[in-house]
Amino acid sequence: MKEDLQYIKQRFHIVGNAPALNQSIAIAMQVAPTDLSVLITGESGTGKESFSKLIHALSVHRHGNFIAVNCGAIPEGTIDSELFGHEKGSFTGALESRKGYFETANKGTLFLDEIGEMPLGTQKRLLRVLEYGEYVKVGSSTIEKTNVRIVAATHVNLFQAAQEGKFREDLYYRMSTVPIVIPPLRERGMDSILLFHKFASDFATKYQIKPIELTPKAKERLVAYSFPGNIRQLKNVVEQISLLADATIITPEILGMYLPKEPNHMLPTLYKKGEDQGSLDKEFLYTLLLDMRRDVTELKKCIFDFMRAGAANHPVIQETHPLLAVHPPAKEPVHLLEGDQALSNPTSPHIEALANEPAENLSIEAKEHELIQRSLQKSRGNRKQAADALGISERTLYRKIKQYGIIEEKPTEK
């Protein structure tokens, strides 16, 4: 079994010896000869597609087509046509009949990447394919048959998505018969060093340069880095160093120039026992931070108004603290912070300037609109790069661009 494992790694270019990685490969090898549907889970950039190709190559469907489909990159209005095909005239622009991926991949393997982004209506049609091996083209009433192996992958927690109504629960249980979890790079120990050397050798051959090497201290820093983008991020870092660094012996200082700063994990978060901290909803955290910031702004304005009025009977105080109106404090100078004359003087120009500070638009929609615009400008109109930078799918970015009426600049040709 050990020899088979090493052979499989070499054949499918899987680098690493971490126990969790070896276990995932072993499960994939065991389930490949069966007809069971497989769900591969793992963070973005961990190499889920390599496992789908492994399963296809070791299955009875290996002589058929292998087709990979990114469900998140296909607009919601056309995904049914892409997967199941359509008849001529079934919708505007359907000038002729078209085969879908299920027909093209018949007797082969269909890899549905980012299945968590699939619309609920399409999920219902996919469930029928899994249960009965049949589907209907868009605009047709004829039932078509297919014998295709389904391998799906996602970076989101589908169980949580099913509980929230964002993913069909019956499809989740049907897909997760054999789950395969790909560990993130930060949990694979010394595998990051093996991957670094592999990529360094590949780029040295590609660009006809001398391969870069890490010092012992640089290796320690590489292993300690979290790599939120996993193998994809590590590959990009190695390519940058290979092309831009003046030295071939990479020290921790040189390595640090190409590693982005570690994200700040010091913010308070909610935790439930048994829940993966990495799966917390980004939108929830973003909303929480905005609410906190808005509360601080309102509190600051309330304090300024109170200090100007010089009495507890001010309307702002009565509204927020009605008990102070019944038992007003003694009329003494207000000193909120000892030693701070600016705050102890209600007529201070510092207080006047802060009190008259223009309110900032803190709505989620405004910030989201601004982030999308900035990302599109930075990527010079390249939607894929903008979506990757924002951490969303191209389909979601397309929907947001349409929602906010963002005018895009034409992508710059390289």
With distance as the sole test, does Asn70 use its side chain to make a donor-acceptor pair with the main-chain N or O of Gly72 at under 3.5 Å?
-> yes

Whether Ser201 side chain and His197 backbone form a donor-acceptor pair below 3.5 Å = no

Here the gap from Ile209 atom CD1 to Lys206 atom NZ, rounded to the nearest 0.5 Å, amounts to 10.5 Å

Could you check whether the rings of Phe66 and His56 sit parallel, tilted or perpendicular, using 30° and 60° as the cut-offs?
-> tilted

Hey, is the main chain of Gly229 close enough, under 3.5 Å, to the side chain of Arg232 for a donor-acceptor pair?
-> no

Examine the side chains of Tyr398 and Glu76 and answer whether a donor and an acceptor come within less than 3.5 Å of each other.
-> no

Closest non-hydrogen atoms of Tyr258 and Ala245, given as atom of the first, atom of the second and distance, are OH-N, 3.5 Å

Is it true that the side chains of Glu239 and Tyr207 contain a donor and an acceptor less than 3.5 Å apart?
-> yes

Would you check if the side chain of Thr122 reaches a backbone N or O of Met118 as a donor-acceptor pair within less than 3.5 Å?
-> no

NZ/NE/NH1/NH2 to OD/OE distance under 4.0 Å, Lys198 and Asp202 = yes

Could you label the plane-to-plane angle of the Phe199 and Phe203 rings as parallel, tilted or perpendicular, counting under 30° as parallel and over 60° as perpendicular?
-> tilted

Hey, could you give me the NE2/CD1 distance between His155 and Ile40, rounded to the nearest 0.5 Å?
-> 15.0 Å

Side-chain heavy-atom pair Glu103, Thr146 within 4.5 angstrom cut-off = no

Salt bridge Glu96-Lys88, side-chain N to carboxylate O under 4.0 Å = no

Would you name the heavy atoms of Ile231 and Leu185 that are closest together and state the gap between them?
-> N-CD2, 4.3 Å

Output yes when a side-chain donor or acceptor of Arg221 lies under 3.5 Å from a complementary backbone atom of Glu253, and no otherwise.
-> no

Do Ser393 and Leu397 come close enough that some side-chain heavy atom pair is under 4.5 Å?
-> no

Nearest 0.5 Å please: distance from the NZ atom of Lys219 over to the CD atom of Glu213.
-> 8.5 Å

Near Glu131 CD, under 6.0 Å, is it more than 12 heavy atoms from other residues, nucleotides or ligands?
-> yes

Is a salt bridge present between Lys99 and Glu144, judged by a nitrogen-to-oxygen distance below 4.0 Å?
-> no

Does the side chain of Asp80 pick up a donor-acceptor pair with the side chain of His86 at under 3.5 Å?
-> no

Decide yes or no for Leu158 and Leu39: does some side-chain heavy atom of the first lie under 4.5 Å from some side-chain heavy atom of the second?
-> yes

For residues 15-23, tabulate all N or O donor-acceptor pairs below 3.5 Å that involve a side-chain atom, not counting sequence neighbours.
from: Asn17; atom 1: OD1; to: Lys9; atom 2: NZ; distance (Å): 3.3
from: Asn22; atom 1: OD1; to: Lys9; atom 2: NZ; distance (Å): 2.6
from: Asn22; atom 1: ND2; to: Asn17; atom 2: O; distance (Å): 3.4

Using a 4.5 Å cut-off on heavy atoms from C-beta on, say whether the side chain of Arg188 contacts that of Leu195.
-> yes

Kindly say whether Val181 contributes a backbone atom to a donor-acceptor pair with the side chain of Ser24 at under 3.5 angstrom?
-> yes

Option passing side chain to side chain contact (heavy atoms under 4.5 Å, CB included) with Arg174 (candidates Leu126, Leu130, Ile150) | Leu130

Check: Arg149 side chain, Val60 main-chain N or O, donor-acceptor pair, under 3.5 Å | no

Hey, is the main chain of Thr104 close enough, under 3.5 Å, to the side chain of Asn65 for a donor-acceptor pair?
-> yes

For the residue pair Asn230 and Glu43, confirm or rule out a side-chain donor-acceptor distance under 3.5 Å.
-> yes

Output all residues satisfying salt bridge (charged side-chain N to carboxylate O under 4.0 Å, His left out) with Lys384, sequence neighbours left out; order by chain, then residue number.
-> Asp388

Please answer whether the main-chain N or O of Gly42 pairs with a side-chain N or O of Lys48 as donor and acceptor at a distance below 3.5 Å.
-> yes

Ionic contact status for Arg98 with Glu87, cut-off 4.0 Å | no

When rounded to the nearest 0.5 Å, the distance separating OG1 of Thr78 from CZ of Phe91 is 8.0 Å

Honestly, is Arg125 close enough over Phe84, meaning NZ or CZ under 6.0 Å from the six-membered ring centre and within 45° of the axis?
-> yes

Given side chains that start at C-beta, do those of Phe111 and Ile67 come closer than 4.5 Å, heavy atoms only?
-> no

So, are Glu370 and Arg374 salt-bridged, with charged N and O less than 4.0 Å apart?
-> yes

Once you round to the nearest 0.5 Å, how far does OG of Ser97 lie from NZ of Lys137?
-> 6.0 Å

Are any non-hydrogen side-chain atoms of Val38 and Ile180 less than 4.5 angstrom apart?
-> yes

Does the side chain of Gln373 pick up a donor-acceptor pair with the side chain of Gln377 at under 3.5 Å?
-> no

Does any N or O in the side chain of Glu169 come within less than 3.5 Å of the main-chain N or O of Ala162, such that one atom is a donor and the other an acceptor?
-> no

Is the number of heavy atoms from other residues, nucleotides or ligands under 6.0 Å of Tyr172 OH greater than 12?
-> yes

Spacing of Glu164 atom CD and Asn157 atom CG [to the nearest 0.5 Å] = 8.5 Å

